[in-house]
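Only heavy atoms go into these numbers, but all of them, side chains included; no hydrogens, no water, no symmetry mates. We count ligands from 1, going down the list as the structure has it; atoms in each ligand are counted the same way. Nothing here was measured: the structure is a model prediction, and the numbers come from that model.
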Amino acid sequence: SPPAIIAPSILSADFAELGKACSDTISQGADWLHVDIMDGHFVPNMTFGAPVVTKIRSHVDRPSGAYGKGTFDCHMMIAEPKRWVKDFKKAGCDLYCFHYEAAISSTAADSPSGTSNEKTSPKELIRFIHENGMQAGIAIKPKTPVDVLWEILDNPVKEERPHMVLVMTVEPGFGGQSFMADQLPKVRALRQKYPDMQIEVDGGLSEKTIDQAADAGANVIVAGSAVFGAKDPGEVIKKLREAVES
Ligand code: DX5
Ligand code: ZN
């Protein structure tokens, strides 16, 4: 597997001190920031949009290359993933991770705005994200089988292939939920087929669940409550990394 990447989810940070929370977690040893964007439509919760990302971006140094320290990993739990690509690029997003389920079902009829959302296939969306200068990730919810990804990942056209897959290990929408170990066969199947791919897990990761996830082959580890709820977040980040690297 590629090296361990620890990506604290700022969903569990103090939103009144978000800039400081971001720079603190990076200095405590985090690699990326996992930024959860929720629209109250794709998931039953709302967070914030591009204007907030723009403001917090300035508190963290830019990554020097793809996937470097300080990467803004934006997890787009939104019904209209194509619509926000340009705004998030402008806001400083480095890795735009959309949901497969939203991409395949987003039509004007589904759209909260009722307009302007072009129906787009995952491969077209990935190409569009790349054209806008970001890395692309694709996320699947717990009820989505991993099989839907093979066609997308085996696409011979490089521009239409994602760099990362996110396997959700909770139903998206809230921090602090229990880890779903029954999602790990998806991670294992992905790692078997793609030894070098970035495979991210998100939801319920902690010192208690990390060993299972690492053993299945995950290398990008999101943790919200486990990091921001800890007395010593740096220690938790270190333990998560050691578990993946051992
Ligand atoms: C859930 C979010 C997660 C969340 C994880 O919809 O995508 O990133 O913050 O929180 P924990 O680590 O507390 O489960
Ligand atoms: Zn997330």
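Atom 9 (O) of ligand 1 has its closest protein heavy atom at S9 OG, 2.7 Å. The protein heavy atom nearest to atom 14 (O) of ligand 1 is G204 N, 2.8 Å. For atom 11 (P) of ligand 1, the nearest protein heavy atom (residue, atom name, distance) is G176 N, 3.6 Å. Among all non-hydrogen protein atoms, the one lying nearest atom 1 (C) of ligand 1 is F174 O, 3.5 Å. From the protein, the heavy atom lying nearest to atom 5 (C) of ligand 1 is D202 OD1, 3.5 Å. Residue, atom and distance of the protein heavy atom nearest to atom 13 (O) of ligand 1 are S225 OG, 2.5 Å.
Near H34, meaning under 4.0 Å from any of its heavy atoms, are these atoms of ligand 1: 8 (O). Listed by number with element, the atoms of ligand 1 under 4.0 angstrom from any heavy atom of G203 are 14 (O). Within ligand 1, counting atoms from 1 as listed, the ones closer than 4.0 Å to a heavy atom of P172 are 6 (O). Those atoms of ligand 1 that come under 4.0 Å of a heavy atom in M77, given as number and element, are 6 (O), 7 (O). Every atom of ligand 1 with a heavy atom of H75 under 4.0 Å away is listed here by number and element: 7 (O). Close approach of ligand 1 to M38 (heavy-atom distance below 4.0 Å) involves ligand atoms 6 (O).
When the Zn ion (ligand 2) is compared with the N/O/S atoms of H75, atom ND1 turns out nearest. Residue D202 approaches the Zn ion (ligand 2) most closely through its N/O/S atom OD2.
Distances between N or O atoms of G224 and those of ligand 1 include at least one value under 3.5 Å. Of the polar atoms of G173, at least one N or O is found under 3.5 Å from an N or O of ligand 1, judged by distance alone. Residue G175 has no N or O atom closer than 3.5 Å to an N or O atom of ligand 1. In terms of polar-atom proximity, defined here as any N/O pair under 3.5 Å, D36 does make such a contact with ligand 1.
More than 12 heavy-atom neighbours from other residues, nucleotides or ligands sit within 6.0 angstrom of NZ on K141. Environment of CG in D61: sparse, with no more than 12 heavy atoms of neighbouring residues, nucleotides or ligands closer than 6.0 Å.
Classified by interplanar angle (parallel below 30°, tilted 30° to 60°, perpendicular above 60°), the ring pair F42/H99 is tilted. Using cut-offs of 30° and 60° for the angle between ring planes, the Y194 and W150 rings count as tilted. The aromatic rings of F88 and Y96 sit perpendicular to each other, their planes meeting at more than 60°, with 30° as the lower class boundary.
The side-chain heavy atoms of I140 and E101, taken from C-beta on, include a pair separated by under 4.5 Å. A heavy-atom distance below 4.5 Å is found between the side chains of L11 and M38.
The proximity of A223 to ligand 1, defined as any non-hydrogen pair under 4.0 Å, is limited to the backbone.
For the pair K193 and D154, the salt-bridge criterion is met [side-chain N within less than 4.0 Å of a carboxylate O]. A salt bridge is defined here as a Lys NZ or Arg NE, NH1 or NH2 lying under 4.0 Å from an Asp or Glu carboxylate O, and R57 with D94 meets this definition.
The closest approach between a heavy atom of A226 and any atom of ligand 1 is not below 4.0 Å.
Checking side-chain atoms of K89 against main-chain N and O of M134 turns up no donor-acceptor pair under 3.5 Å.
The angle subtended at the Zn ion (ligand 2) by OD1 of D36 and NE2 of H34 is 90°, given to the nearest 10°.
Side-chain polar atoms of D36 and S9 form a donor-acceptor pair below 3.5 angstrom.
Taking CG from L95 and CG from L33, the interatomic distance works out to 12.0 Å, rounded to the nearest 0.5 Å.
Note that K208 lies outside the cation-pi zone of F179, set by a 6.0 Å cut-off to the ring centre and a 45° limit from the axis.
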